Amino acid sequence: MKTMWNYAMKQKKLLLLNFLCVFGFILIELGLPTLLAKMLDQGVANNDMSVVKQVGWQMVLVTAVGIILNISLAVVGAKLNTGIIKYIREDMMENIQRFSHKEYEDFGMSSLITRTTNDAFQVMNFMGMILRMGFITPIMFIASLYMIVRTSPSLTIFVFIGLPFLILGMLVIAKFSEPLSSRQQKNLDNINLILRENLSGLRVIRAFVNETFEEKRFDNVNNAYATSSMKLFKLMASAQPAFFFLFNIIMVLVIWFGSIQINDGSLEVGNLIAFIEYIFHALFSFMLFASVFMMYPRAAISAARVQEVLDVEPAIQDNQSGITETKTQGVIEFDKVSFAYPGHSESPVIRDVSFTANPGETIAFIGSTGSGKSTLIQLIPRFYDVSRGSIKIDGVDVRDYKLKSLREKIGYIPQKAVLFSGTIADNLRFGKQEATEEEMKEALDIAQATEFVSQKPQGLLEPITEGGSNFSGGQKQRLAIARAIIRKPAIYVFDDSFSALDYRTDAMLRQRLKKETTESTVLIVAQRVSTIMHADKIIVLNEGDVVGMGTHKELLKTCQIYYDIASSQLTEEELK
């Protein structure tokens, strides 16, 4: 509840206006039965038309004010609601952007999506009920009870007899709805997970003719969600008929005994009608409050899931007072670097790696799958922090930099080229926001992307669909490379970024890149020896250990693992 109110309190003026509208609306609603009783008992009963007209006009005025207040309440409530969900999602997105890889892995992408969309929506729905019904119902209930006791104390007993049953039913439903709500949200996480895997892996599913298997897999999680939702909705649905059954019993008893009192002359007709109105307001307010209360467990679970995201302290903390500028640009030093994934400190994936890279040099990494190549270079922009040793850029430990300044030095091209929805120009400007058209064309030219971009109907303004699905793997890689080139960073990090390119394009791109990066440090992770054989230094990794370091020709003679990799890819002539 604290999470929800914290966001509501960010809009204090609207919150106060909402309360004033609620208070005014209650006065209007309870004023109408009082005026009606006066009209009947003083006007109709005495055949005094002047009283009837006077009270009638008062009722019209009160009704008009009530309509205005009701509309105002709806408008203010809508503004408050949209503001709450806006602030929640903004804060969640801001914190998620600060997450390290560990936090993403802990939560899972599907769960983060559910928390940002569905859970935030559940919180908004509940706050909408609270701001409207949650304010109205308690005040309306208390005020109605006061008017009930004031109008006819003898009939009040029937209301108080029914209240314990209403409270008991509300508590029972709230108790059982909490575990069902928790299960429902977890099942929704699973639906998102399966759906994301199905959509992203659609071609693989079709290639292996596994559509039926995936349909059954989705049916299982979908049925689990439907079952938990059905139980929850049945539980909630049982509240209303039970309430109206009890409400009708109370009304029958009130009318029965009220009629007896009218016959005895101890109660007037107008007062009985007003009394019935007060009972309706009191019990209906209680039912609405019970509905809000029964919604609370579900909203509380969603709010807790939202708060979990907001409370997470990322493993990679930004150094707010860190270094922002250095004299040199691009000098990298690895000093006995070891790394183990969080929770697996006993089994490091990188062990005692040391090397130095200077501007103008190309350092390449090669090794078998799982040898730690990609993990090693992900330590440079601090996607992970080293477990032991240190990484220095321009003489400063990467942990002593302000994160933004550190990453601005680096042009990172990941294994899987990631393009964002928008246009080609939008994606290139992701590397440099103020890039001119000439700069974009130059970057595309270096990345060997000019030909296919120029063939697009809209050129640089060609739309890119979600995930870049309207481009081939090689085209996406070249656009990702161009995005890094346009930034002109001090350090280029290519994480197997040439794998989807044909040999000719690969060679031409590297030739142009060498001219472009004469003053930059280039780090390349590759599987193809032809991609790295001209590097200034090649580092051979095997199961996290450096087993060879030198030039291509040196390693052919001194490192058996490198020779085995090279001999599987190169001809005898190339091995000489």
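Treat the numbers as computed from the prediction; the structure is a model and nothing was measured.
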Salt-bridge present (Asp496, Lys373; N to O < 4.0 Å): no

Pair Gln184-Ser229, side-chain donor/acceptor within less than 3.5 Å: yes

Side chains of Thr531 and Asp506, donor plus acceptor under 3.5 Å: yes

Exam field: side chain Asn198 to backbone Ile194, donor-acceptor pair closer than 3.5 Å: yes

Between Phe365 and Phe355, ring centroids under 6.0 Å: yes

Side-chain ion pair, Glu439 and Lys432, N-O less than 4.0 Å: yes

Test item: Glu333 side-chain N/O and Thr356 main-chain N/O as donor-acceptor pair under 3.5 Å: no

Glu434 with Arg429: basic N within carboxylate O range, under 4.0 Å: no

Between Ser228 and Arg183, a side-chain donor and acceptor under 3.5 Å: no

Donor + acceptor pair across side chains of Thr375, Tyr341 (<3.5 Å): yes

Ser405 (side chain) donor-acceptor with Tyr401 (main chain) under 3.5 angstrom: no

Test item: side-chain donor near acceptor, Glu103 and Ser100, under 3.5 Å: yes

Modelled atom types, side-chain donor and acceptor of Asn210 and Glu214, under 3.5 Å: no

Candidate pair Arg399 and Asp397, rule salt bridge (charged side-chain N to carboxylate O under 4.0 Å, His left out), full reasoning: CA-CA 5 Å; Arg399 290 165 290 192; Asp397 193 302; 3.0 Å; yes

Flag for Ser321-Lys402: side-chain donor and acceptor within less than 3.5 Å: no

Arg115 and Glu308: CA distance, side-chain angles, deciding distance, salt bridge (charged side-chain N to carboxylate O under 4.0 Å, His left out) verdict: CA-CA 10 Å; Arg115 290 167 195 252; Glu308 280 178 4; 2.8 Å; yes

Side chain to side chain donor-acceptor pair (under 3.5 Å) evaluation trace for Ser371 with Asn542: CA-CA 5 Å; Ser371 60; Asn542 184 47; over 6 Å; no

Donor-acceptor side-chain pairing of Ser469 and Thr465 below 3.5 angstrom: yes

Asp318 (side chain) donor-acceptor with Leu403 (main chain) under 3.5 angstrom: yes

Under 3.5 Å side-chain donor-acceptor pair for Ser110 and Asp189: no

Test log, rule side chain to side chain contact (heavy atoms under 4.5 Å, CB included), inputs Thr116 and Val306: CA-CA 7 Å; Thr116 310; Val306 167; over 6 Å; no

Ser354 side chain vs Lys336 backbone, donor-acceptor pair below 3.5 Å: yes

Short side-chain to backbone donor-acceptor contact, Thr423 and Asp426, under 3.5 Å: yes

Lys/Arg N to Asp/Glu carboxylate O, Arg512 vs Asp445, below 4.0 Å: yes

Aromatic Phe107 / basic Arg305 pairing, under 6.0 angstrom, 45° off normal: no

Exam field: side chain Ser497 to backbone Gln415, donor-acceptor pair closer than 3.5 Å: no

Main-chain N/O of Val221 paired with Asn190 side-chain donor or acceptor, under 3.5 Å: no

Under 3.5 Å side-chain donor-acceptor pair for Gln477 and Ser499: yes

Close aromatic pair by centroid cut-off 6.0 Å: Tyr492 and Tyr412: no

Plane angle bin for Tyr562 and His552 - parallel if under 30°, tilted between 30 and 60°, otherwise perpendicular: perpendicular

Asp545/Arg351 ion pair, N-O < 4.0 Å: yes

Polar side-chain atom of Ser111 near backbone of Gly108 as donor-acceptor pair, under 3.5 Å: no

Main-chain N/O of Pro381 paired with Arg407 side-chain donor or acceptor, under 3.5 Å: yes

Ring-face cation of Lys456 near Phe471 (centre distance under 6.0 Å, axis angle within 45°): yes

Under 3.5 Å side-chain donor-acceptor pair for Asp564 and Ser567: no

Side-chain donor-acceptor pair present, Asn95, Arg98, cut-off under 3.5 Å: yes

